[in-house]
Novice: 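Take this structure, written in structure tokens, and hold onto it; I'll ask about it next.
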Number of protein chains: 2
Amino acid sequence: MTSSAETEDELDDDLHVFDAPHQVDLGPLPSFPGYLFRQAQIRVYHGLNPIFAPYGIRPTQFGVLIMLKYNPGIRPSEVAAALGLKRANFVPLLDDLRRRGLAETLPRPEDRRSRAIYLTKEGLEMMVKVEATVQEYERSIMDRIDPEHTGILAEMVAKLSDT
Amino acid sequence: MTSSAETEDELDDDLHVFDAPHQVDLGPLPSFPGYLFRQAQIRVYHGLNPIFAPYGIRPTQFGVLIMLKYNPGIRPSEVAAALGLKRANFVPLLDDLRRRGLAETLPRPEDRRSRAIYLTKEGLEMMVKVEATVQEYERSIMDRIDPEHTGILAEMVAKLSDT
DNA sequence: TATTGTTATACTCTATAACTATA
DNA sequence: TATAGTTATAGAGTATAACAATA
């Protein structure tokens, strides 16, 4: 390593992803709820990822861990259904959490097909820290978009839910 | 087709993805804008996918085609920046649209590194139809969540943008 | 030196079909 | 017969690093 300065390429690639696009016409997109929800989600997640990174988890895994914390002994299919994941996709996700010692599963005597999932001590300790940080970040988002509007947002989602 | 009934497995797998999760505690998730935006986006996209399916396009490609329709001769990097895509990821996406005869690129005399992208006649004809259908669907979403709230949603996204 | 488009690559998320062991 | 978990697989979406041509 003779301090070669050659391997540093692309120092900052697309840091300007959300720059005001010079003179671009977005057409009808800004009037579409689908576009607006997506843009909002992208922006919030961009702020969320650096928070999760130190813990080596992703938004989806955070959702799973929250489910485990608030529903000890929950079944895999229940976690998947609650978060809108396919059962099949939940398998490797849970495997990863178990391998990292954050979650564990126990047999379920009354139904030997199923499993009861729990957060481990390590998993719970991690979640206490992560949840506090996420809570803080989400609050900063709420402050930005006006707390009253957060209620309206929840209302919108509810209305999109009932069939 | 001797009416074999064996190959029909998993007739409906997770059609109940968004059922009311029996007794599951979502913890603090419903109070997080990040969670709410994501749930909203998932629900809207689930309605959007069947609309795009007949045309063989996906939401991201629709966004690109909209950009091309309203910005004839736009550059690849501009499309990517406007939609929050990485330049590198835009390449195969544009290749696909060209291969299917929906878009074409022309050299750009003033900057020979770049390209000018246009919708083809076929691309434009398709977009006229798709855009009308999407417009109709997005309106049905707006009706559900209350038109006034759509304005608030746009406001929220705008507030998440500046910085 | 910096930028545009490009290649290569990898990881996450999502989706479908089909298998197993139980019920 | 139906359900819970599982395996295998494939396609999008997203991310980073590095290169050639051009500015």
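All values below come from the heavy atoms of this structure, side chains included, with hydrogens, waters and symmetry mates left out. Proteins come first, then strands; the chains are lettered A, B, ... in the order of their sequence lines, and each starts at number 1.
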Novice: Write down the distance between CG (Leu106(B)) and C1' (dG5(C)), rounded to a whole number of angstrom.
Specialist: 16 Å
Novice: Looking only at the side chain of Arg87(B) (C-beta and beyond, no hydrogens), which of the listed nucleotides dG5(C), dT14(D), dA4(D) gets closest?
Specialist: dG5(C)
Novice: Does Arg115(B) use its side chain to pair, donor to acceptor, with the backbone of Glu104(B) at less than 3.5 Å?
Specialist: no
Novice: Tell me what Arg38(A) touches on the nucleic acid: a base, only sugar-phosphate, or nothing, going by heavy atoms under 4.0 Å.
Specialist: sugar-phosphate
Novice: Going hydrophobic residue to hydrophobic residue with side-chain gaps under 4.5 angstrom, can you get from Phe37(B) over to Ile152(B)?
Specialist: yes
Novice: Mark yes or no for whether Gln41(B), through its side chain, and Gly34(A), through its backbone, hold a donor-acceptor pair below 3.5 Å.
Specialist: no
Novice: Expressed as a whole number of angstroms, how long is the span from Asn49(A):CG to dT16(D):P?
Specialist: 10 Å
Novice: Would you say Asn71(B)'s side chain and Val24(A)'s backbone share a donor-acceptor pair under 3.5 angstrom?
Specialist: no
Novice: How many Å lie between CG on Leu94(B) and P on dT6(C), as a whole number?
Specialist: 7 Å
Novice: Distance check needed: dT14(C) P versus Arg58(B) CZ, whole Å only.
Specialist: 11 Å
Novice: Examine distances only and state if a side-chain atom of Tyr137(B) and a backbone atom of Val44(B) form a donor-acceptor pair shorter than 3.5 Å.
Specialist: yes
Novice: Tell me, which of residues 110-118 of chain B have any heavy atom that sits under 4.0 Å from an atom in DNA chain D?
Specialist: Asp111(B), Arg112(B), Arg113(B)
Novice: So does Lys159(B) pair up with Glu155(B), basic N to acidic O under 4.0 Å?
Specialist: yes
Novice: What's the CG-P distance between Leu93(B) and dA12(D), to the nearest Å?
Specialist: 10 Å
Novice: Does dT16(D) have its OP1 or OP2 closer than 4.0 Å to a side-chain nitrogen or oxygen of Lys86(B)?
Specialist: yes
Novice: Return yes if some donor-acceptor pair links the side-chain N/O of Asn89(A) with the main-chain N/O of Leu85(A) below 3.5 Å, else return no.
Specialist: no
Novice: Hey, which sits more toward the 5' end of DNA chain D by its nearest nucleotide, Asn89(A) or Ser77(A)?
Specialist: Ser77(A)
Novice: Could you state the CD-P distance from Glu78(A) to dG5(D), rounded to the nearest angstrom?
Specialist: 8 Å
Novice: Can you check the Leu83(B) CG to dA12(D) C1' distance for me, whole Å?
Specialist: 16 Å
Novice: Would you mind reading off the distance between Arg75(A) atom CZ and dG5(D) atom P, rounded to a whole angstrom?
Specialist: 6 Å
Novice: Return no unless some side-chain N or O of Thr60(A) is found under 4.0 Å from OP1 or OP2 of dT12(C).
Specialist: no
